[in-house]
Amino acid sequence: MKTHQNLWIITLLTCTLFSCRKDFLDQKPSSDILAPKTLTELQGILEAAERICPTGGLPQLSCDDYLIIADQNYNALITATQRNAYTWQKNLYEGEKVEDWNSPYQTIFYANSVLEVLAEQNYANPAEANRIKGWAYFVRAYAYYDLAKNFCRVYSHTAGNDLGLPLRKNASVDVIEKRSSLEETFRFILSDLDASLPLLNPLVEPLNKNRPSKAASWAMKARVYLYMGDYRLAEASADSALLYHDRLIDFSTISTSSDTPFSHNAAEVIYHSNQIGAYSSTTGTGNRPDIEVNPELYQSFAAEDLRKSIFFRTNTLGRINVKRGFMSAGIYQFSGLACDELYLIKAECLARKGETGLSLQYLNRLLSTRFKKTPNFQPLTAATAAEALNIILRERRKELIWRGIRWSDLKRLNREGATITLSRSVNGKTYTLSPNDARYAFPIPEQEINQSGIEQN
């Protein structure tokens, strides 16, 4: 099948109209649709992929960032997936569509299509063609990582034998791929990021944070290596990212009363993505009467910590909700890459190799931008590396709340022996999720199993 036959869904009309249809594979290609070929058209495809294919929401539903206040709120949830994810049910979807699976694979389809067109054409502006090629490699890696951390076991020493993802490396919709090993999946993610690095522009575009840069690729590598438990390479990748983009916002300059305290292109942001909108009543920001931020987590913010008023708001029932974070519009929370995460990765890696003082220097530099100037911020101290690590992980949870990161942190920290057990009570019944439970890997959607025959978790 030629590339132009695979590109019927990614015409300029689709890109221009911001189409959000997810049933595109049910349609038949039409021979009278013009396949995109110019660099402008190919960039439009990737712009559309960023807009309509954000990161999964199931991790936010399932983690311990929040709780649903009353049984009636839980019972009134519109989708079975929301109810079941909150209580970690094995029969998670009950036949509903699973955008956490569909959306990333749609992004992968877009990226593969762009890469195939670029391979077939010679362009007068090779530098621009290379930039777009690097962009496609990056978003493919970004989508595969989102799938891997959600639908596979945590990366560990058994990764060579554990189930990974079906790795679709071309745009054909007819080829069925079996699941790779988890090791193969992560090596593919890292190879795509490596391929993107020499092709992308060095610096972050201030007004186009959806376009990746070298800083974004290095930041993504830092996130991936941290999840894998390779702290040496996570630290080195964070260092490389910060060489290209090192910005921390002074929170004393940010409104504490606004529900949208940050712009869409906030200075700290390196790459922009947001969580899917499929579960807006439970994962959305702003006034959400059904849910409340974990009260224990909210109370852990000190009174002089500006994040307490910048990150949170009180809803119409007097409960605590999150604001939009690094977003200026919409209700779906930021899940992209930013400098605060890099500082936390750097600090954690230093603490894990015993560099107590230096690890807290990085953490304190971040925190000094988050606290009121009067009284002056008091730097945190620790007597041992283990104590420093506990402090850093506590601040990591607070800083990165509602960013789609906590679920993967729970997986990797329990792998390291953290023994974090989650518990919820609904309708008089208590539900628990033990450390390293198989349910930390969400089930593959039944529609995918039926169509492809791949192995279920």
Side-chain angles (χ1 to χ4, degrees), residues 46 49 53 55-56 104-105 107-112 114-115 130-170 177-202 212-245 270-271 273 335-338 341-342 344-346 348-349 352 404-405 408-409 411-412 415-416 441:
L46 296 175
C53 298
T55 59
Y105 270 115
T107 297
I108 291 163
F109 173 80
Y110 280 121
N112 285 334
V114 169
L115 289 170
N130 280 336
R131 184 186 70 85
I132 293 171
K133 182 187 291 187
W135 187 346
Y137 280 129
F138 175 88
V139 297
R140 188 168 70 176
Y142 200 80
Y144 270 128
Y145 174 71
D146 194 60
L147 288 161
K149 71 182 179 61
N150 294 339
F151 292 96
C152 301
R153 294 183 60 183
V154 67
Y155 186 94
S156 71
H157 66 281
T158 63
N161 297 318
D162 292 336
L163 287 170
L165 298 168
L167 296 176
R168 299 172 188 170
K169 303 176 183 179
N170 58 64
E177 300 289 348
K178 299 301 182 182
R179 295 183 70 173
S180 65
S181 73
L182 190 58
E183 180 69 31
E184 290 169 333
T185 294
F186 273 86
R187 293 306 154 197
F188 187 71
I189 292 167
L190 291 167
S191 70
D192 267 2
L193 292 172
D194 286 338
S196 74
L197 275 167
L199 305 175
L200 292 170
N201 292 337
S213 60
K214 293 185 192 298
S217 277
W218 281 117
M220 190 60 194
K221 289 185 74 171
R223 179 184 282 183
V224 173
Y225 279 128
L226 187 78
Y227 181 72
M228 295 173 67
D230 191 331
Y231 301 113
R232 180 182 66 84
L233 290 178
E235 181 188 359
S237 300
D239 285 339
S240 295
L242 288 170
L243 285 175
Y244 288 107
H245 193 82
I270 295 172
Y271 178 75
S273 68
S335 61
L337 301 161
E341 182 183 353
L342 293 176
L344 290 161
I345 290 173
K346 175 70 173 179
E348 179 179 340
C349 293
R352 287 187 180 277
I405 291 175
S408 54
D409 273 356
K411 292 173 73 168
R412 71 179 184 89
R415 177 194 62 205
E416 305 288 350

Report the residues that fulfil salt bridge (charged side-chain N to carboxylate O under 4.0 Å, His left out) with Lys346, sequence neighbours left out, ordered by chain and then residue number.
Glu235, Asp239

With a 4.5 Å cut-off on side-chain heavy atoms, are Leu147 and Ile108 touching?
yes

Arg131 meets the salt bridge (charged side-chain N to carboxylate O under 4.0 Å, His left out) criterion, sequence neighbours left out, with Glu128

Is the closest side-chain heavy-atom distance between Met228 and Phe186 below 4.5 Å?
yes

Salt bridge (charged side-chain N to carboxylate O under 4.0 Å, His left out) against Arg352, all qualifying residues, sequence neighbours excluded:
Glu348

In Å, rounded to the nearest 0.5 Å, how long is the span from CG of Asn170 to CZ of Phe109?
10.0 Å

Take Ser273 and Tyr142 through the test side-chain hydrogen bond (donor to acceptor under 3.5 Å, both in side chains) and record every step on the way to the result.
CA-CA 10 Å; Ser273 68; Tyr142 200 80; 2.7 Å; yes

Would you confirm whether Asn112, through its side chain, and Arg168, through its main-chain N or O, come within 3.5 Å as a donor-acceptor pair?
yes

List the atom of Ser217, the atom of Leu197, and the distance in Å for their closest heavy-atom pair.
CB-CD2, 3.5 Å

Just so I know, are the side chains of Glu177 and Leu165 near enough to count as touching, which here means a heavy-atom distance under 4.5 Å?
no

With a 4.5 Å limit on heavy-atom distance, are the side chains of Leu337 and Met220 in contact?
yes

Return the orientation label for the Tyr227 and Tyr145 ring planes: parallel under 30°, perpendicular over 60°, tilted otherwise.
perpendicular

Mind checking whether Ser237 and Leu226 have side chains closer than 4.5 Å, heavy atoms only?
no

